[in-house]
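Order of the sequence lines sets the chain letters (A, B, ...), proteins ahead of strands, with each chain counted from 1.
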There are 2 protein chains.
Amino acid sequence: MRAFWAEGYDAASIDRLCRATGMPRASLYQDFGGKEGLFLAAIAHYVDTRIGPLADALGPRGTLEADLSAFFVEVVALATGDSQTPGCLISCVLAEVAGANDTFRLELDRRFTALEDRIAQRFEHALASGAVTDKRALAGMLAAVARGIMLRARSGARAQDLDKIARVAVRASLRDLT
Amino acid sequence: MRAFWAEGYDAASIDRLCRATGMPRASLYQDFGGKEGLFLAAIAHYVDTRIGPLADALGPRGTLEADLSAFFVEVVALATGDSQTPGCLISCVLAEVAGANDTFRLELDRRFTALEDRIAQRFEHALASGAVTDKRALAGMLAAVARGIMLRARSGARAQDLDKIARVAVRASLRDLT
DNA sequence: ATAAATACAGAACGTTTGTTCTGTATATTG
DNA sequence: CAATATACAGAACAAACGTTCTGTATTTAT
């Protein structure tokens with residue numbers, strides 16, 4: 001997972017992946033069927049271990065504002081926490097290979113949709129069902145900000161600057177609700 | 001440019017690039033020095049022909065709201081206009097290879113910063129200099145939304161849904177200004 | 001027209017790629 | 001303990017990679 005994350009899909013060679021996982025080539029092909037299968041397994045592991053906590057921060061635990069802020073704290077931490085793996089495996093790596101590979105494009109769509117659903121669900125909990133705002137569009141907007149933050153981290157942006165962006169997004173989206 | 005955009009950096013082979021450009025291999029190496037140089041030239045051409053019009057839409061031409069809306073119309077059009085090249089060459093392709101290549105990471109940072117500067121400049125024009133809002137953070141937030149839209153288009157999202165996200169972002173950011 | 005320089009098509013280079021195969025060691029099971 | 005299956009390390013594979021080279025057209029400039 002970390003090899004794909006740091007270097008990208010094509011640049012991470014089977015040799016390197018074997019060394020990184022401590023896995024013999026034969027077992028890798030036995031267990032995952034090939035590079036594509038290994039990559040999809042890495043994505044699944046990434047979602048379990050990295051995106052999971054991030055979605056959990058949405059709660060509901062506290063106020064809507066507190067939960068959204070906590071979510072973005074996790075986003076920035078994931079994007080900048082390890083200097084060897086800046087950005088997001090899904091937004092920065094899967095998104096590239098999704099251009100020419102239908103399997104990967106569908107996987108990307110599934111993972112993107114899942115996060116938006118999770119954010120929209122938090123809004124459903126917080127707001128009267130008759131609220132004027134389109135909750136799915138609002139969730140999509142916040143997910144877009146999160147992904148933009150991931151991309152910006154890939155270019156080496158400081159966590160402090162990304163935090164500012166996140167705070168603006170949370171405040172603006174809350175004002176949009178009224 | 002379109003070959004890199006559609007297939008990604010590594011997947012676009014020199015053979016394919018020669019066929020796509022109608023350029024002999026020797027001339028390609030003569031004029032661009034190699035694959036990296038050709039890719040950087042493709043990025044520059046992309047900025048000139050695709051990002052330029054998008055930045056021009058920011059004006060100032062009309063009201064702040066009208067100019068921001070026009071900007072996002074261009075963003076969505078660029079992201080979804082050609083089904084063979086979904087998303088953004090910079091946000092979807094350059095961002096991946098930036099993980100393992102310092103030249104590309106610096107290039108990514110330069111291009112990202114340039115767009116944020118352009119958006120911030122539009123805010124400087126519209127707002128009293130003493131306004132409470134951090135214009136750079138607000139510009140960074142809108143740039144993040146634009147890049148999130150580019151990513152979402154890479155997964156096959158419909159232009160109609162991306163437009164909704166853009167409208168929410170414009171409205172929320174304007175409310176944040178007061 | 002003649003000389004110098006550039007442009008070109010394609011073969012050739014050595015690597016590296018993803019994948020499969022071979023033989024041996026290690027577990028597992030009855 | 002014996003028989004069978006699994007796991008392993010590394011060789012071997014054809015294919016594709018980025019890059020360089022060779023010889024021949026084509027253009028440019030005097």
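- Rounded to an integer number of Å, the gap from B/Arg16 CZ to D/dA16 P is 11 Å.
- By the 30° and 60° cut-offs, the orientation of the rings of A/Tyr9 relative to A/Phe4 is parallel.
- When the P atom of C/dG18 is taken as reference, atom CD1 of A/Ile14 falls 5 Å away, rounded to whole Å.
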| request: Start with the C-alpha distance between B/Leu78 and B/Tyr46, add both sets of side-chain angles, then the distance that settles side chain to side chain contact (heavy atoms under 4.5 Å, CB included), and finish with yes or no. | output: CA-CA 11 Å; B/Leu78 178 57; B/Tyr46 178 81; 3.5 Å; yes
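- More than 12 non-hydrogen atoms from other residues, nucleotides or ligands lie less than 6.0 angstrom from CD of B/Glu36.
- A heavy-atom distance below 4.0 Å to DNA chain D is reached by these residues of residues 24-39 of chain A, ordered by number: A/Pro24, A/Ser27.
- A heavy-atom distance below 4.0 Å to DNA chain C is reached by these residues of residues 2-13 of chain A, ordered by number: A/Ala12, A/Ser13.
- In this structure, A/Asp15 places its CG atom 12 Å from P of D/dA11, rounding to the nearest Å.
- Looking only at distances, no side-chain donor or acceptor of A/Glu124 sits under 3.5 Å from a matching main-chain atom of A/Lys135.
- Distance B/Met23 CE to C/dT6 C1': 13 Å, rounded to the nearest Å.
- Figure legend: cation-pi geometry between B/Arg122 and B/Phe71 absent, as NZ or CZ is not positioned both under 6.0 Å from the six-membered ring centre and within 45° of its axis.
- In this structure, the side chain of A/Lys35 engages the main chain of A/Ala12 through a donor-acceptor pair within 3.5 Å.
- Taking the charged nitrogens against the carboxylate oxygens, A/Arg25 and A/Asp15 do have a contact shorter than 4.0 Å, which makes a salt bridge.
- A/Arg152 places none of its side-chain heavy atoms less than 4.5 Å from the side chain of A/Asp161.
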